[in-house]
Amino acid sequence: MTDFAARRADMVERQLRARGIEDERVLAAMGEVPREAFVPERLQRRAYADSALPIGAEQTISQPWVVAAICQALALRGDERVLEVGTGSGYSAAVLARLAAEVIGIERHESLARGAAAALAGVGVDNVRLLVGDGSRGYPERAPYGAIAVHASAPAPPPALIAQLAEGGRLVVPIAAAAGDDLTLLRRYGDRVESEVIAPCRFVPLIGEEGF
Ligand code: SAM
């Protein structure tokens with residue numbers, strides 16, 4: 001029998017803490033969410049691999065460090081409403097659900113959204129609402145958001161998402177660059193937007209009106 005709890009604890013120490021993730025809330029959340037529940041059954045033994053894994057529809061569940069880096073950059077305190085674009089397997093939504101009050105996830109593939117909803121229910125997460133559609137336009141109906149996480153690479157920071165940020169809100173989005181993508185943090189203060197590259201990374205493209 002696979003000892004998933006031991007692998008998860010090992011992932012937190014070796015892949016996350018040892019590589020610069022220091023937000024204890026993020027480390028605790030990733031030490032609790034059972035990643036094996038969000039990967040296809042045939043790949044469960046590799047659930048804690050230091051890599052992305054296929055989840056169907058030619059998409060992937062992101063590498064654990066990438067999920068942690070995004071969550072850390074969002075600096076969540078626990079009372080925020082978070083918009084997640086590109087929910088995929090539902091794993092990152094489950095982590096965000098432990099860090100914030102409420103998560104609205106948008107996934108463009110209906111089959112993945114269905115799987116994510118089942119996996120989230122299976123592990124008892126009840127503060128994530130899943131929508132199917134183009135998340136590059138955001139979801140103005142529930143704006144403003146204290147934080148927005150985008151898990152697919154955009155040609156530029158989507159203006160619709162910036163407009164849906166609360167004052168002081170944070171948006172993390174991979175931006176396509178000449179060699180790979182730049183995981184980028186944007187902060188909105190009134191009409192001013194501050195931007196900072198967190199790390200180089202590689203994501204699937206954001207497909208949609210404000211994507212590719
Ligand atoms: N965070 C996810 C997880 O934990 O499994 C992995 C996300 S995967 C790297 C990126 C996802 O973004 C894919 O599932 C893809 O279908 C989705 N995607 C791409 N463009 C999108 C868009 N415009 N709106 C919503 N989802 C989109």
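Starting from 1, each residue takes its place in the sequence as its number. Every number for a ligand or one of its atoms is a count from 1 in the order of the listing. Since this is a predicted model, take the numbers as computed values, not measurements.
The protein non-hydrogen atom at the shortest distance from atom 13 (C) of ligand 1 is Gln59 OE1, 3.2 Å. At the shortest separation from atom 1 (N) of ligand 1 among protein heavy atoms lies Ser92 OG, 2.7 Å. The shortest contact between atom 7 (C) of ligand 1 and any protein heavy atom is with Gly86 O, 3.3 Å.
Among Thr87, Val85, Ile61, the residue whose heavy atom lies closest to atom 2 (C) of ligand 1 is Thr87. Taking each of Glu107, Glu58, His151 in turn, the one with a heavy atom nearest to atom 17 (C) of ligand 1 proves to be Glu107.
Between the side chain of Asp182 and the backbone N or O of Ile175, no donor-acceptor pair lies under 3.5 Å.
Some N or O of Ile207 is nearer than 3.5 Å to an N or O of ligand 1, by distance alone. An N or O contact shorter than 3.5 Å links Ser89 to ligand 1 by distance. Checking only distances, Leu112 never comes within under 3.5 Å of ligand 1, N or O to N or O.
Atoms of ligand 1 found under 4.0 Å from any heavy atom of Thr60 (numbered from 1 in listed order, with element): 6 (C), 7 (C), 8 (S), 9 (C). Heavy-atom contacts of Leu206 reach the following atoms of ligand 1: 20 (N), 21 (C), 22 (C), 23 (N) (cutoff under 4.0 Å). Of all atoms in ligand 1, listed by their number and element, those nearer than 4.0 Å to a heavy atom of Gly135 are 22 (C), 23 (N), 24 (N), 25 (C).
Distance check: Met11 CE to Leu27 CG gives 9.0 Å after rounding to the nearest 0.5 Å. If you take CD1 on Ile162 and CD1 on Ile148, they are separated by 9.0 Å, rounding to the nearest 0.5 Å.
Ring geometry for Phe4 versus Tyr48: interplanar angle of 30 to 60°, hence tilted.
Only the backbone of Pro205 comes within 4.0 Å of ligand 1, counting heavy atoms alone; no side-chain atom from C-beta on gets that close. Both the backbone and the side chain of Arg108 come within 4.0 Å of ligand 1, counting heavy atoms alone. Contacts with ligand 1 closer than 4.0 Å are made by no heavy atom of Val67, backbone or side chain.
Taking a cutoff of 4.0 Å between a charged side-chain nitrogen and a carboxylate oxygen, Arg188 and Glu194 do not qualify as a salt bridge. Salt bridge absent: Arg17 and Asp23 never bring a charged side-chain N and a carboxylate O closer than 4.0 Å.
Using a 4.0 Å heavy-atom cutoff, Gly133 is listed among the residues neighbouring ligand 1. A heavy-atom separation below 4.0 Å is found between Ser136 and ligand 1.
The shortest distance between side-chain heavy atoms of His151 and Val172 does not fall below 4.5 Å. The side-chain heavy atoms of Val39 and Tyr91, taken from C-beta on, include no pair separated by under 4.5 Å. The shortest distance between side-chain heavy atoms of Leu206 and Pro158 falls below 4.5 Å.
Around the CZ atom of Arg14, the shell of radius 6.0 Å holds no more than 12 heavy atoms that belong to other residues, nucleotides or ligands.
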